[in-house]
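Report on one structure; see the data block that follows.
The figures here come from the full heavy-atom set of this structure, side chains too, leaving out hydrogens, waters and symmetry mates. For ligands, and for the atoms within them, numbers begin at 1 and follow the listed sequence.
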Amino acid sequence: MRICADCFKAEDWKNRFKLERKRFCSCSFCGKKAKTVDFSIFLSPLRQLLSLFSKNQRGENVVLLIERDFSIFSNESVAKRILQCVIQLSGNSFLLTDKVSYSSEVSSALTSWMKMKKGVVEEFRYFPSINPEDESWDKYFASKFAVIKKGSIFFRGRINESANKLYKKKKELGMPPREKARAGRVNPYGIPCLYLTDKADTTIYELRAAHGDLLSVGKFVIKENLNVVDFNYKPLLLDDIYEGKEKLFETVREFLLKKQIGLDLSKPVHRYGIKEIEYVPTQYICEYIKTSGADGVMFNSAVHHGGKNLVLFRSDKVKCTNVEVKTVDEPVMRFCR
Ligand SMILES: [Zn+2]
């Protein structure tokens, strides 16, 4: 069996081809005439990939699950052919047609997060019974920062209540003063944070601005490199696979945990109120991240497809460079998902 690099989408899997002797012939999986390598080099890594999952009637199709979370293969039909071949050649605990979910060994970090969420809301608010250190969360949050480069641009918006009194000053778009800091997904009441977005349009959706609203949008420049915890973390798995099962499982645990917390952080909330108690679990985890020395956290916008939120614990490393006032018009709102 021969396979070509175009059968993969993920860069790390594609790069593996550089190390191997190639032959020009038909790819056994996509049928294209191309430079191919012996499929057997991928057999063991792909078996390990499949070992992340176990049969579960309430689960999902393994091909779709791998595509959604790791985007390894070029398309669904190629993925099916490749994984079917792995199962046939080396056996597996489930068939390609079975429904699967992440094995309990991998989803354990997720279970801890669910327990902690319930714990900080219902049991111990300030000294939760589940200590993050017990779950090696230090490894995931305190030592794995993504860097936002100096010079990057972000935005913050405010809806003007009156056309006669517009927010036009740069300082009005900055971090709210302590006495006005309402609770948010990242910060508790009275401890302000600076909520930014990576696109000017994203602020419109994050603020739930309506057609006709007058919006002040501040542009912010990052003054020095920022260390943040990025909840959009998407791992490349092949290197981890080569390092062994423990490393692979650890990476996927981290991925699942960050993905879930990222979803909780970006949960859409109504412009006119949310029960503040619902913020407590994510506030807790963000405060934990703050103690590790991070400048902030980053997560996807749930209300503006492709938009990102950046929340900074302090505002001294950013500078507002200008403020623009605009009316929210219909085409922008139609873009909303
Ligand atoms: Zn191919």
Side-chain angles (χ1 to χ4, degrees), residues 1-103 105-107 146 230 232-256 258-259 262 300 305-306 308:
M1 296 270 226
R2 310 288 301 180
I3 187 164
C4 77
D6 284 349
C7 278
F8 293 101
K9 197 189 292 168
E11 279 311 308
D12 51 340
W13 295 77
K14 274 182 182 297
N15 286 341
R16 188 73 179 78
F17 283 75
K18 291 180 188 157
L19 308 170
E20 297 294 320
R21 270 176 60 147
K22 287 166 272 291
R23 201 172 75 205
F24 193 82
C25 64
S26 293
C27 169
S28 314
F29 299 95
C30 71
K32 261 197 287 191
K33 282 232 189 281
K35 284 181 183 165
T36 64
V37 300
D38 194 335
F39 180 63
S40 64
I41 63 160
F42 289 113
L43 208 50
S44 169
L46 289 168
R47 274 193 66 183
Q48 288 206 51
L49 179 72
L50 289 175
S51 76
L52 290 167
F53 311 101
S54 54
K55 205 165 153 178
N56 179 350
Q57 288 206 322
R58 285 178 301 170
E60 305 166 69
N61 177 280
V62 71
V63 174
L64 299 181
L65 213 164
I66 291 174
E67 168 55 28
R68 188 194 60 206
D69 284 353
F70 307 113
S71 314
I72 291 175
F73 306 105
S74 63
N75 62 55
E76 197 184 318
S77 66
V78 161
K80 269 186 194 163
R81 267 177 240 143
I82 293 174
L83 295 175
Q84 182 62 47
C85 183
V86 176
I87 292 173
Q88 266 170 6
L89 289 175
S90 53
N92 197 43
S93 59
F94 55 85
L95 300 172
L96 206 59
T97 45
D98 289 331
K99 291 226 161 77
V100 303
S101 59
Y102 285 99
S103 72
E105 221 181 316
V106 186
S107 57
D230 184 2
N232 308 310
Y233 165 72
K234 204 163 189 178
L236 295 170
L237 293 183
L238 196 56
D239 284 347
D240 297 315
I241 288 176
Y242 284 126
E243 273 191 54
K245 184 182 162 183
E246 247 330 291
K247 176 75 174 124
L248 172 68
F249 277 39
E250 192 61 34
T251 299
V252 178
R253 268 185 222 122
E254 179 185 355
F255 162 73
L256 291 176
K258 285 188 172 168
K259 184 173 143 184
N300 280 334
H305 186 68
K308 281 187 179 139

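Using modelled atom types, no side-chain atom of Arg23 and backbone atom of Arg2 make a donor-acceptor pair closer than 3.5 Å. In terms of modelled atom types and a separation under 3.5 Å, the side chain of Asn232 and the main chain of Asn300 share a donor-acceptor contact.
Here side chain to side chain donor-acceptor pair (under 3.5 Å) pairs that include residues 88-100, with residues two or more places apart or in two chains, number zero.
Listed by chain and number, Cys4 SG, Cys7 SG, Cys27 SG, Cys30 SG are the protein N/O/S atoms closer than 2.8 Å to the Zn ion (ligand 1), with waters left out.
Under 4.0 Å is where a charged nitrogen must lie from a carboxylate oxygen, and between Lys259 and Asp69 at least one such pair does. With respect to the salt-bridge test (charged N to carboxylate O, under 4.0 angstrom), the residues Lys14 and Asp6 qualify.
Here the NZ-CZ distance, from Lys33 to Phe24, works out to 7.5 Å after rounding to the nearest 0.5 Å.
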